[in-house]
Amino acid sequence: MPELPEVEIIKQSLQKSVINKKINKVLIKNRNLRFRIQRGLEKELNNNKINHISRKSKYLIIHFKNKRFLVIHFGMTGTLHLIKKKKNYQNTNLSFYHSTNLPKKHNHIVFFFDNFKLIYNDPRRFGFIKFFFNKNELLRYFANKGLEPLDSSFNLEYVKKKILNRKKNIKNIFLDQSLISGIGNIYANEILYYSKINPNKKVNKLKDDEIKKIIKFSKYVLKQAIYKGGSSIKDFKNIKGNSGSYQKEFRVYDREGESCSTKNCIGTIKKILISNRSTFLCKYCQK
DNA sequence: CCGTTAACCTGAGAGC
DNA sequence: TGCTCTCAGGTTAACG
């Protein structure tokens, strides 16, 4: 499901509900996510109070009062559901593929709080959770991840350093989380369209002003997407069950055959494959 | 070290 | 209806 903007929306909606709340109990129904869930994790989480929630690229980080951390990655189809206990409770209806009911079959983890429970649901099980006993462990885990574009240090100097002597094309650079983090297939396509760069362009051919454009539009597209509540393609909804609307702003992603939206451009959006991932572009605009 | 590919999963939608 | 096939917001182990 989520790239950086969607995880940011999850963070914001989660923050309103769980700050200072204590986990009473954790039930893990299926430990086999992308990575097998650590043994004894339930015990570590029991009676822990949440201090705050943060996000790093596509990762959600739960900070506990006792200085321990739980990291959640949502893979392709992971979602969090907040279910209130009260009688006229509002089922969050964070349904998968438009189903109106919670797909209980894929509820893998349940966090119980006093007045609500939080459910991690993930049909494809590409997501994962990981517990850290201290800040050093946490920092070590993120040490080999690249900066996200919204970081203030994400600038020309940084990107040039990261792509130095690389032979990959710019699209694959965007998807390589050790170089640039937080961007996935949707936003890579959108950013390159705005930057007027062909996704297949080798990074060693990029001029400084092209890199500057990429940096500028990386920040722009991600901020816009957050402002619009993220993108809801099939199943993304925030913690309250509301959809985002950035998908309405897509210029190229999933718009094969449509006219290019750049003024006076006669191009049509094409779909090609790069490293086996769908890539959308206007060949007239993007050089 | 670098770049590419296959593998991990389930479900929706298209085509027949 | 129902079968088969392709495709989907991601990451990483394994290989050349």
Mapping A/K168 and A/N276 onto DNA chain B by nearest heavy atom, which one lands closer to the 5' end?
-> A/K168
With centres under 5.5 Å and planes under 30°, do A/F126 and C/dT11 count as stacked?
-> no
Rounded to whole Å, how long is the line connecting atom [atom1] of [X] with atom [atom2] of [N]?
X      : N      : atom1 : atom2 : answer
A/D176 : C/dT11 : CG    : P     : 10 Å
A/E3   : C/dT11 : CD    : P     : 9 Å
A/D122 : C/dG10 : CG    : P     : 13 Å
A/E6   : C/dA8  : CD    : C1'   : 14 Å
A/L273 : B/dA6  : CG    : C1'   : 15 Å
A/Y120 : B/dC9  : OH    : C1'   : 12 Å
A/L175 : C/dA8  : CG    : P     : 13 Å
A/D254 : C/dC7  : CG    : P     : 13 Å

Answer with yes or no whether A/R124 presents, from its side chain, a donor or acceptor under 3.5 Å of a partner atom in the base of B/dC9.
-> yes
Using OP1 and OP2 only, check whether a side-chain N or O of [X] sits under 4.0 Å from [N].
X      : N      : value
A/Q177 : C/dG10 : no
A/T77  : B/dT10 : no
A/H106 : B/dC9  : no
A/K105 : B/dT10 : no
A/K167 : B/dT4  : no
A/R277 : C/dC7  : no
A/H73  : C/dG10 : no

Taking atom P in both B/dC9 and C/dA14, what distance in whole Å separates the two?
-> 15 Å
Go through C/dA8, B/dC2, C/dG10 for me and flag the one nearest to the A/R166 side chain.
-> B/dC2
Nearest to the side chain of A/R125, which nucleotide is it out of B/dT4, C/dA8, B/dC9?
-> B/dC9
Contacts of [X] that satisfy ring-ring contact (aromatic ring centres under 6.0 Å, His included) - sequence neighbours left out:
X      : answer
A/Y227 : none
A/F112 : none
A/F126 : none
A/Y284 : none

Salt bridge (charged side-chain N to carboxylate O under 4.0 Å, His left out) involving A/K228 - partner list, sequence neighbours excluded | A/E249
Measure the spacing between CZ of A/F280 and OH of A/Y193 and express it to the nearest 0.5 Å.
-> 14.5 Å
Do A/H81 and A/T79 get their side chains close enough for a donor-acceptor pair, meaning under 3.5 Å?
-> yes
Tell me, which pairs form a salt bridge (charged side-chain N to carboxylate O under 4.0 Å, His left out) where one or both residues lie in residues 127-152 of chain A, sequence neighbours left out?
-> A/R55-A/E148
Nucleotide N/O of nucleotides 12-16 of chain C paired with protein N/O under 3.5 Å:
unit_1	atom_1	unit_2	atom_2	d
C/dT12	O4'	A/R34	NH2	3.0

Hey, is NZ on A/K248 packed in by over 12 heavy atoms from elsewhere, all under 6.0 Å?
-> no
Decide side-chain contact (heavy atoms from CB on, under 4.5 Å) for A/I269 and A/C282; before the verdict, give the C-alpha distance in whole Å, the side-chain angles of both, and the deciding distance to 0.1 Å.
-> CA-CA 5 Å; A/I269 306 308; A/C282 171; 4.1 Å; yes
A/N32: what forms a side chain to side chain donor-acceptor pair (under 3.5 Å) with it, not counting sequence neighbours?
-> A/R36
Using the criterion of both pairing distances under 3.5 Å for Watson-Crick and G-U wobble pairs, give all stems of 3 or more consecutive pairs involving DNA chain B.
-> B:2-8 with C:10-16, B:10-16 with C:2-8
